[in-house]
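Everything below concerns the one structure shown next.
Computation of the quantities below employed the complete heavy-atom set of this structure, encompassing side-chain atoms and omitting hydrogens, waters and symmetry-equivalent molecules. One-based numbering along the sequence shown.
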Amino acid sequence: MIDPNGIAHIQLTVRDVARSRPFYLMLLHQTLGMTIQYDEPGTFYCIGGRTGVLISQAAPEHRDEPFNQWRIGLHHFCFRLRSREDVVALHDALVKFGTKIIRAPEEGPWAPGYHSILFEDPDGIRIEANFVPGRGNLDVIKDAPL
């Protein structure tokens with residue numbers, strides 16, 4: 001059996017990288033402290049926290065299609081943060097930037113102590129950030145890294 005070591009990267013296709021870049025620069029680099037690897041026309045890529053997030057340009061024939069989390073494909077993705085205070089600090093940065101907040105920081109039923117925020121990027125792609133104390137639901141997996 002193969003034992004994966006997390007998700008290496010997530011690639012998101014956006015309508016216009018130039019339009020989405022300020023949001024992802026604020027979120028990934030300025031707020032979450034990820035390192036910019038590529039910042040070119042049509043591509044913005046940051047790494048940190050054992051993951052990477054790549055933003056790439058939609059094909060011209062698809063640029064007018066809205067994101068729909070209920071279609072086949074990505075529903076949302078979630079950053080795991082290190083504290084409740086980090087969730088609140090992220091919320092404050094997002095509000096200051098003018099981000100559409102779907103759900104302000106709150107407790108959730110998904111794991112003991114689950115605390116999260118849900119928001120959207122400029123194309124409506126849903127992003128969550130959470131804090132779960134200890135190992136959360138990973139307690140069921142012996143020796144799973146945090």
Side-chain angles (χ1 to χ4, degrees), residues 2-111 113-138 141 144-146:
I2 296 172
D3 181 21
N5 188 22
I7 294 175
H9 63 270
I10 295 170
Q11 181 172 346
L12 302 173
T13 303
V14 298
R15 285 186 183 139
D16 182 353
V17 170
R19 184 176 133 248
S20 293
R21 185 190 176 280
F23 170 81
Y24 283 102
L25 177 69
M26 176 278 303
L27 173 66
L28 302 175
H29 181 65
Q30 296 168 347
T31 305
L32 297 179
M34 297 173 81
T35 301
I36 298 170
Q37 289 294 293
Y38 303 105
D39 188 359
E40 326 171 325
T43 303
F44 185 73
Y45 182 50
C46 290
I47 60 170
R50 293 181 39 196
T51 194
V53 178
L54 172 64
I55 309 307
S56 60
Q57 190 75 36
E61 64 270 21
H62 297 295
R63 286 198 186 129
D64 292 330
E65 297 173 17
F67 174 76
N68 182 331
Q69 73 183 96
W70 298 108
R71 288 186 185 157
I72 293 172
L74 179 75
H75 182 274
H76 77 283
F77 71 98
C78 181
F79 290 101
R80 186 168 186 182
L81 303 181
R82 298 186 184 274
S83 70
R84 291 173 58 95
E85 293 79 16
D86 287 346
V87 173
V88 172
L90 175 57
H91 174 259
D92 293 346
L94 293 167
V95 168
K96 183 177 179 183
F97 190 77
T99 303
K100 182 177 180 181
I101 306 295
I102 303 302
R103 190 179 64 243
E106 68 178 16
E107 297 294 319
W110 301 280
Y114 195 100
H115 190 75
S116 68
I117 178 175
L118 183 65
F119 53 98
E120 291 183 351
D121 86 341
D123 287 319
I125 297 172
R126 294 232 169 150
I127 305 169
E128 180 181 6
N130 74 12
F131 167 71
V132 179
R135 297 167 56 86
N137 289 337
L138 292 176
I141 305 171
L146 291 176

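Counting only residues at least two apart or in different chains, salt bridge (charged side-chain N to carboxylate O under 4.0 Å, His left out) contacts with residues 37-48 comprise R21-D39. Sorted by first then second residue, the salt bridge (charged side-chain N to carboxylate O under 4.0 Å, His left out) pairs that include residues 69-78, not counting sequence neighbours, number zero. Residue pairs meeting the ring pair (Phe, Tyr, Trp, His ring centres under 6.0 Å) criterion with at least one member in residues 29-49, sequence neighbours excluded, are Y38-Y45.
Inter-residue side-chain proximity for F131 and V88 is flagged as unmet; no heavy-atom pair is nearer than 4.5 Å. When side chains are defined from C-beta on, S83 counts as touching D86, because their heavy atoms get closer than 4.5 Å. Using a 4.5 Å heavy-atom threshold, the side chains of I36 and L28 count as separate. Counting only heavy atoms from C-beta outward, the side chains of Q30 and L25 approach each other to under 4.5 Å.
In this structure a side-chain-to-backbone donor-acceptor pair under 3.5 Å is missing from S56 to T13. At distances below 3.5 Å, at least one donor-acceptor pair connects side-chain atoms of Q57 with backbone N or O atoms of R15. With hydrogens and angles ignored, the 3.5 Å screen pairs no side-chain donor or acceptor of R126 with any backbone N or O of Q69.
With S116 as reference, R103 is the one residue of H91, E106, R103 to meet the side-chain hydrogen bond (donor to acceptor under 3.5 Å, both in side chains) rule.
Atom CZ of residue F79 and atom CD of residue E128 lie 11.5 Å apart, to the nearest 0.5 angstrom.
Contact detail for D123 and F67: the closest heavy-atom pair is O-CB, 3.5 Å.
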